[in-house]
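Here the structure is a predicted model, which is why all the values come from computation and not from measurement. In each ligand, atom 1 is the first atom listed, and ligand 1 is the first ligand listed.
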Amino acid sequence: MNAKLKLTPSLIESCRRQFPALSREVNDQPAVYFDGAAGTQVPHGVIDAMCEYLSRSNANHGGLFITSQESDDLLWESHAAVAHLLGADDPATVSFGPNMTTLTFALSRALSRTWQPGDEIVVTQLDHDANITPWVLAARDVGATVRMVPIRPDDCTLNMEELRSVVSSRTRLVAVGCASNSVGTINPVRDICRLARSVGAISFLDAVHFAPHALIDVKAFECDFLVCSAYKFFGPHIGIQWGRRKLLEELAAYKLRPAPNMLPGKWMTGTQSHEGIVGVRAAIDYLADLGRELKNDTTLDRRNALIFAYQAIREYETDLTVQLLEGLRELPQLRIWGIADPQRVHERMPTVAVTHRHRTPHELAEALGQRGIFAWHGNYYALSLSEALGREPHGMLRIGLVHYNTSDEIDRLLHALREIDES
Ligand SMILES: Cc1ncc(COP(=O)(O)O)c(C=O)c1O
């Protein structure tokens, strides 16, 4: 990669300055946000866009007056921005909703109307429960069978042989995550989507954990549906769904009678958070502007700018992950769950789960929190994985990095963990 496309310390500093939350202090120390996997902070651009919407253009859909027309234009621009983010051609195939979970429940009801007893759906142990339970409940309602693909416990990767063996001509849906929000494993989603297609099944990808770290490309992934959540990629609390136009048009959505039958309105029930949807575009433009700055080209189109931004983010985060894994491996009381070998860092996201020989994840998170370091404890709703690893009821401590984190912050974490060990 061109050396210019690196996230240098000064570029990271300029990114960090855009996030007001990052200047917060806890006990006279700068706060360290390692809770990105639970939700990222937002840059000024997002906050300003939301305030501007509420101050000037706040209105409902379809009115024959200026604020409503402005509002509709702004919302449509967000559909277009998300299409660029996902590598989709058609903004109407993007819909918004309260969060990924709610969108997935709604889609699961619509899809399951096409299932019958004897049909099978495939979910995985590696997934967040939002990509398991909606499908399990929908299958139960229509008498379809659920096939759960196990993980390989030694490195928390999906057992692909098992996956291949459960997918058959009976399979109607394969629901899988792009990356684990718990242990960071990246899944071979294109292979999985191809496998689903080869038996006539629909593929559904949960890209919630993937979106802040790597470029989504619905064409390259060859998926039928993909969901993500803007609050995990520097935006507000909004869920996003993309689907193939043909499927979105053919399927019967659970919707109200006066609501549109056309895309995207067909899949967007009730009144949306307009200010949030406007904020999504600003979050995507924060990333695109980073790509433009990296390329030193303000005219770069949004998709290409995003490609460069994500290349640099991925490389930067990979370096941070190596530093973190190497540091954690030197702490004998800690165990890393998932891919721990820094040589295999390209197979994982910068999201690392650990346990301590003598302290619970709750105790660790509390002790870190007192030191101004925000890390998550528990199962983060990746319950099946936590159960498969025998980690319930305590779960693990999750350190979730994003590109606004720094090497110094990792040093602070490692120092704090050593201190906690000795206390
Ligand atoms: C991988 C993954 N999928 C799904 C979800 C659920 O997303 P939402 O909170 O938008 O419903 C989360 C939330 O943590 C997640 O990390």
> Residues in ring pair (Phe, Tyr, Trp, His ring centres under 6.0 Å) with Tyr231, at least two apart?
Replying inline: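 Ring pair (Phe, Tyr, Trp, His ring centres under 6.0 Å) check on Tyr231 returns His237.
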>> In this structure, does ligand 1 have an atom that sits under 4.0 Å from one of the heavy atoms of Tyr380?
In response: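 The answer is no, since Tyr380 has no heavy atom less than 4.0 Å from ligand 1.
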>> Measuring from atom 1 (C) of ligand 1, which candidate in Asp206, Val227, Asn99 has the nearest non-hydrogen atom?
In response: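 Comparing heavy atoms across Asp206, Val227, Asn99, the nearest one to atom 1 (C) of ligand 1 lies in Asp206.
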>> Nearest non-hydrogen contact with atom 13 (C) of ligand 1 belongs to which option: Met100, Lys232, His237, His209?
In response: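 It is Lys232 that holds the nearest heavy atom.
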Provide, to 0.1 Å, the distance between [atom] and the closest protein heavy atom, together with that atom's residue and name.
{"atom": "atom 10 (O) of ligand 1", "value": "Ser229 OG, 2.4 Å"}
{"atom": "atom 15 (C) of ligand 1", "value": "His128 CD2, 3.2 Å"}
{"atom": "atom 16 (O) of ligand 1", "value": "Asn181 CB, 3.2 Å"}
{"atom": "atom 11 (O) of ligand 1", "value": "Thr101 OG1, 2.5 Å"}

>> Can you tell whether the side chains of Asp224 and Arg197 come within less than 4.0 Å, N to carboxylate O?
In response: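 Salt bridge present between Asp224 and Arg197.
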> Relative to each other, are the rings of His79 and Phe96 parallel, tilted or perpendicular (30° and 60° limits)?
Replying inline: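 Rings of His79 and Phe96: perpendicular, as their planes differ by over 60°.
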> Does atom CZ of Arg140 have more than 12 heavy-atom neighbours, drawn from other residues, nucleotides or ligands, at distances under 6.0 Å?
Replying inline: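 Not more than 12 within 6.0 Å, no.
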> With a 6.0 Å cut-off on ring centres, are His403 and His213 close enough?
Replying inline: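 His403 vs His213: aromatic centres not under 6.0 Å.
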> Distance under 6.0 Å and angle within 45° of the ring axis: does Arg190 meet both against Phe221?
Replying inline: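 Judged by the rule (NZ or CZ under 6.0 Å from the ring centre, within 45° of its axis), Arg190 is not positioned above Phe221.
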>> Does only the side chain of Tyr231 get under 4.0 Å from ligand 1, or the backbone, or both, or neither? Count heavy atoms.
In response: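 For Tyr231, the contact with ligand 1 is made by the side chain alone.
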